[in-house]
Amino acid sequence: MRRDLPLEEQISVERVEVLSGITVGELADKLGVPGAALVKKLFEMGEMATVQQTLPDDTVEIICADLGVEVYFMSEEELEFGIEAPEDPVALESRPPVITVLGHVDHGKTLLLDAIRLTDVVSTEAGGITQHIGAYQITKDGRPITFIDTPGHEAFTAMRARGAQVTDVAILVVAANDGVMPQTREAIDHAKAAEVPVVVAINKIDLEAADPIRVKTQLTEYDLVAEDFGGDVPMVEVSAKQRIGLEELLEVVLLQADLLELSANPNKDARGRVVEANLDRGRGPVATVLVQAGTLRRGDVLVAGTADGKIRAMFDENGQPVDEAPPARPVQVIGLNEVPEAGDEFRVVDAERFARDVAERRAARERRKELAERRPTTLEEFTSAVQAGGKATLNVIIKADVSGSAEALEDALLKLELDEVQIRVVSKGVGAISQGDVRLAEASDAIIVAFNVRPGANAREEIDRSGVDVRSYRIIYEAIEDIQLALKGMLAPEFREQVIGEAEVREVFKVPRVGFVFGCMVTRGEVRRDAGVRVIREGVVIAEDKMSSLRRFKEDAKEVREGFECGIGLEKFQDVKEGDVIEAFETVEVDRD
């Protein structure tokens, strides 16, 4: 290779495969050029970087495009396990469908699932609102069906999206009395993005205000046309409370599953998705996983995101121990070394050492990627921000009982960001509030938002000592509302002038050793001694001043109301004429939204 050639001519590859968080040196190796040459190229593009520095993905795309090289960002699974070969059709077996229940908050999704399962999940949820994703399996005519119940409140958009990622058929629950609502539209978008067929359950048809025809008509606006309207979307009228239409709904779901011809190879190492995860005081990290291929067995070694471990025990949704889980089966697993993120892919591997190495490499890459994406503020940017008034920052540490709630709470809080206030999530984790969390909050001047968790004994002592503000919640609405109030409190106060009265000048008196006093009639509102005043002549403000005196006859007055005469003296401005208007105003602080 000739080093005197332009960098573009030194490159012989047409395509590079990289991971997010690649360093300058690693990218140079992939391109087959010296690291110093790539550093120089970045400098010419206005990017200061060293060979060991991590590059953001967009920078990698820009530099590769500039050099005429196609770039492909590999997933961690492709790096660690290679690209999977297509399955042999002979090895495939029929598997149960995975059904996601989506819809607006309080439209009866969990109650519908309860009716199907003949269980009572709603009563265990705080406020009657689903806070976590639940995965269950039922049997209809001897055929198993897996259901995923997703929360309907807007704060759980990310959780609903994850539900749609693993599903085969989406049941969209719409209340017959409410019709299409904001989260209904979001649920439709999730289902469309996941490219899954939709079955609409028009719930609460037992109510007097129920109007299924209106619901069907509304849904046509979102390209969901009922079969009886000439479309291809099955819509079943149901009542979860009265147990009406449930059998028909399950039959429609199984018919949709038959059309999809769902299959998987059960005779291979298992892989799937983490649906939910939490830290249990007695059992350690507990993950609810959905097997998508292969069969998961007790004793298997698996890696899930940055977590790894050997499965010590598995349980079904009723808490009963199971030894294996075939495709489309949700189970709880115990034995991981840490709580994985909801939505992480899990894979069974051959050896614990390999699983640990994979998890550690992923954790290191995550840290590098975070550093790459965290662009430092330049001095110029900082100076400009300060000159413009700057931003107040509310630092928050989030601790929740499950990772899905922590993620959803972070997502909701970051959406509350205002022009003059920003929320910074210093740390996010699962499990009880620890002493380390409190010390971090103290060091970073943060508040701790605890969702369904409490501080341990040592942490309580640390809280008492440090005075760190800990907010505990069981319902996410309350957490969001409280933080909104905190944001309002942190905003630089906005002051607004409010006119409280006007007085017309009728006479001008010159008083020895005092100056001019203006005899006035209050024509609107009231004038107060402590108010600010403007002198207005023919609609134009000619002066702004303060009162030196306000008298009613010969007595000092604090205020004079409309319809009464008074004498007004001003501190500075004396060139007042008959016919001028003295406008009284006060400056009030208004709430910021």
Side-chain angles (χ1 to χ4, degrees), residues 20 100 102-106 109 125-127 129-134 148-167 181-194 273-279 287-288 305-306 339-345 366 369-370 373-374 391 393-419 421-431 437 446-453 471-487 490:
S20 290
T100 298
L102 301 167
H104 187 76
V105 66
D106 199 34
K109 300 180 301 300
E125 294 284 1
I129 302 156
T130 303
Q131 307 282 339
H132 310 137
I133 291 182
I148 296 178
D149 176 30
T150 64
H153 182 253
E154 63 182 354
F156 291 96
T157 302
M159 294 174 75
R160 281 202 306 278
R162 280 204 305 279
Q165 283 171 3
V166 297
T167 193
M181 300 294 278
Q183 280 82 42
T184 314
R185 294 193 288 270
E186 288 179 16
I188 293 169
D189 291 340
H190 289 318
K192 286 181 177 178
R273 288 278 174 183
V274 177
V275 178
E276 192 52 276
N278 67 290
L279 186 64
T288 301
T306 58
V339 180
E341 291 283 332
D344 281 345
E345 184 177 66
E366 280 295 317
K369 188 177 178 183
E370 283 178 16
E373 300 296 338
R374 190 185 301 161
K391 273 195 172 188
T393 301
L394 178 67
N395 291 328
V396 177
I397 292 173
I398 297 173
K399 293 302 292 279
D401 54 344
V402 295
S403 64
S405 292
E407 181 182 322
L409 194 52
E410 179 186 34
D411 184 56
L413 293 182
L414 292 178
K415 285 180 180 176
L416 296 179
E417 216 169 286
L418 305 177
D419 288 340
V421 175
Q422 64 181 357
I423 289 181
R424 176 171 167 256
V425 178
V426 177
S427 170
K428 177 184 67 174
V430 174
D437 294 326
I447 68 168
I448 298 176
V449 176
F451 190 72
N452 280 337
V453 294
R471 308 284 181 112
S472 299
Y473 307 95
R474 289 200 68 225
I475 299 176
I476 201 161
Y477 301 153
E478 296 173 359
I480 296 166
E481 286 169 5
D482 260 22
I483 300 300
Q484 277 180 318
L485 291 174
L487 286 180
M490 290 192 69

Problem set entry | Main-chain N/O of Thr100 paired to Thr167 side chain as donor or acceptor, under 3.5 Å | yes
Heavy-atom closest pair, residues [X] and [Y]:
X: Ala408; Y: Ile476; result: C-CD1, 4.5 Å
X: Val426; Y: Ala446; result: CG2-CB, 4.4 Å
X: Leu409; Y: Phe451; result: CD2-CB, 4.2 Å
X: Ala287; Y: Val274; result: CB-CG1, 4.4 Å
X: Leu279; Y: Val430; result: N-CG1, 3.5 Å

For this session: Give the intermediate values and the outcome of side-chain contact (heavy atoms from CB on, under 4.5 Å) for residues Tyr473 and Asp482.
Result: CA-CA 10 Å; Tyr473 307 95; Asp482 260 22; 2.9 Å; yes
Interatomic distance, [X] atom [atom1] to [Y] atom [atom2] [nearest 0.5 angstrom]:
X: Ser405; Y: Glu276; atom1: OG; atom2: CD; answer: 6.0 Å
X: Ile397; Y: Ile448; atom1: CD1; atom2: CD1; answer: 5.0 Å
X: Arg471; Y: Glu478; atom1: CZ; atom2: CD; answer: 12.5 Å
X: Glu407; Y: Ile398; atom1: CD; atom2: CD1; answer: 10.5 Å
X: Ile447; Y: Asn395; atom1: CD1; atom2: CG; answer: 9.5 Å
X: Ser427; Y: Glu410; atom1: OG; atom2: CD; answer: 10.0 Å

